[in-house]
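To keep things clear, I will list the structure first and then write my remarks on it.
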Amino acid sequence: MDHYIIRGKRRLSGELTVQGAKNSLLPVLAAVVLTDGKSLIRNAPDLTDTESAVCILRELGCSVVRQGRDLLIDPSNLSSAEISPTLCRSMRSSVVFLGPLLARCQKAVLSLPGGCRLGERPIDLHLAGLTKMGAEILWEDDRLICTAPAGLKGAEITMPFPSVGATENLMMAAALAKGTTLLTGCAKEPEIVDLAAFLNRCGARIEGSGSTVMRITGADRLSGCAYSIMGDRIAAMTYLIAAAMTGGDLTLRGIDPRHLAQPLQKLSGTGKILSVGKDFCRIAGTVPPKSIPMIATGPYPAFPTDCLPLFLSLAAVSQGTSVFWERVFENRYASCGDLAKMGAVIYRSERAAAIRGSHLHGAAVSAQDLRGGAGLVLAALAAEGTTTVSNIAWIERGYERFCETLSDLGAEIRKE
Ligand code: UD1
């Protein structure tokens with residue numbers, strides 16, 4: 001199995017245009033199922049999760065051609081509404097195909113990956129909303145069989161928690177349902193706004209994306225379109241923190257810094273020099289970072305849970321003590337054991353942690369999940385000596401050419 005070998009203490013500097021957003025691309029690829037014409041999806045990052053979504057589309061009967069970062073998709077021969085268990089398991093987000101398949105084919109058959117390393121990840125909110133729209137749900141062991149014999153119809157749905165995946169599934173289902181859907185308690189993440197923009201360009205009528213209430217008027221049919229995926233705000237933060245932890249000077253392009261207001265504010269709270277423009281962000285400063293102002297994760301626009309493990313690593317090399325409170329997932333601290341192996345001083349309770357900055361040293365560590373794994377790479381970049389990070393398949397689900405990109409910026413990293 002591949003691993004990264006990293007020799008720390010090299011400054012990361014230069015310019016980088018950040019990859020397209022994984023969490024935007026995956027629902028957009030699922031949304032293509034709702035359409036009956038060709039779509040050209042631009043700025044699609046080349047990731048293992050992208051490959052899984054492409055395999056799902058092909059299994060459903062769509063044709064998909066990749067040319068560099070463009071994906072040309074033709075769903076006109078869509079012939080199946082079933083996703084095989086192996087493909088479902090290869091990517092947790094396969095659940096975002098549920099709403100689109102049900103709306104387009106009146107049927108969707110999926111297997112669910114169940115609990116994952118971030119803790120239990122139920123889909124009760126997805127199912128409750130779809131049921132209100134007329135879906136019938138049947139479980140056969142871990143196989144989920146959803147049907148809508150009379151088609152989906154618009155409904156008034158209130159979500160008790162602003163789940164990103166449930167909001168996406170329900171807005172996609174509503175885009176082809178009969179009548180109007182009023183969705184309240186929606187997630188407001190920028191990726192939801194990106195998905196709505198794609199769907200509206202295909203002819204959908206979705207109002208209010210990015211706010212708590214969305215009004216969706218079902219269309220008879222949706223066409224394809226050409227659409228460019230937004231920049232990945234979590235990957236952007238990863239590279240900015242890498243520069244911050246190594247005393248580098250990095251300019252990132254291809255992101256809207258307003259999407260990162262909270263994490264950027266925390267980063268500048270460490271004393272780093274941040275300059276922010278309309279579509280770029282620069283971090284500089286060779287002085288070691290000070291402790292991070294307290295972080296409490298939450299649904300957008302609060303601090304993103306995906307950024308927490310990245311900031312854990314930053315805290316491990318900052319001067320003073322930083323405090324964290326995870327409020328979205330049960331287990332966001334999987335990297336802490338390995339950080340401690342590298343010399344980090346960590347006090348933990350179930351959902352909270354305090355980290356006192358120290359000097360990190362190289363060790364043999366192992367990624368347990370995507371962002372925790374990226375956090376370990378950040379720690380390795382700032383550590384004295386050599387670190388081996390194993391289980392990097394987790395990391396490569398979300399970072400395009402991670403090793404090469406870090407190396408281009410000045411890191412000493414290789415993959416073996
Ligand atoms: C998405 C992102 C993930 C990010 C997360 C939160 C993608 C592919 N993934 O995941 O990177 O960390 O948003 O920003 O976009 N919940 C329920 N019932 C449900 C659905 C969710 O209880 O039906 C709970 C979950 O257990 C979790 C919380 O709601 O505690 C947030 O989950 P959700 O917003 O749905 O995250 P995902 O869409 O899975």
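Numbering of ligands and ligand atoms starts at 1, following listing order.
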Applying a heavy-atom cut-off of 4.0 Å, say which part of [X] lies close to ligand 1: side chain, backbone, both or neither.
X: Phe161; value: side chain
X: Leu26; value: neither
X: Val164; value: both

Would you say Arg42's side chain and Ala44's backbone share a donor-acceptor pair under 3.5 angstrom?
no
For the side chain of Arg253 and the backbone of Phe280, is there at least one donor-acceptor N/O pair under 3.5 Å apart?
no
For [X], the ligand 1 atoms whose distance to one of its heavy atoms is below 4.0 Å:
X: Val328; answer: 27 (C), 28 (C), 30 (O), 31 (C)
X: Ser93; answer: 8 (C)
X: Arg332; answer: 12 (O)
X: Gly165; answer: 35 (O), 38 (O)
X: Ile123; answer: 19 (C), 23 (O)
X: Thr305; answer: 6 (C), 12 (O), 14 (O)

Determine whether the aromatic ring centres of Phe303 and Phe311 lie less than 6.0 Å apart.
yes
Tyr227: side-chain hydrogen bond (donor to acceptor under 3.5 Å, both in side chains) partners, not counting sequence neighbours
Asp194
Got an N/O contact under 3.5 Å between [X] and ligand 1?
X: Lys22; answer: no
X: Asn23; answer: yes
X: Leu125; answer: yes
X: Pro122; answer: yes
X: Asp306; answer: yes

Of all the heavy-atom pairs spanning Ala177 and Gly154, show the shortest one and how long it is.
CB-N, 4.1 Å
Under 6.0 Å from the CZ atom of Arg58, do we count more than 12 heavy atoms belonging to anything else shown?
yes
Do you know which of His259, Glu189, Glu191 makes side chain to side chain donor-acceptor pair (under 3.5 Å) with Arg233?
Glu191
Pairing of Arg69 and Asp46 as salt bridge, 4.0 angstrom limit:
no
Are Arg332 and Thr305 linked by a side-chain donor-acceptor pair shorter than 3.5 Å?
yes
Would you say the side chains of Asn77 and Ser79 form a donor-acceptor pair under 3.5 Å?
no
Just to check, does Arg327 reach to within less than 4.0 Å of ligand 1 when the distance is taken from its heavy atoms?
no
So, does Ala187 sit close enough to ligand 1 that a heavy atom of it is under 4.0 Å from the ligand?
no
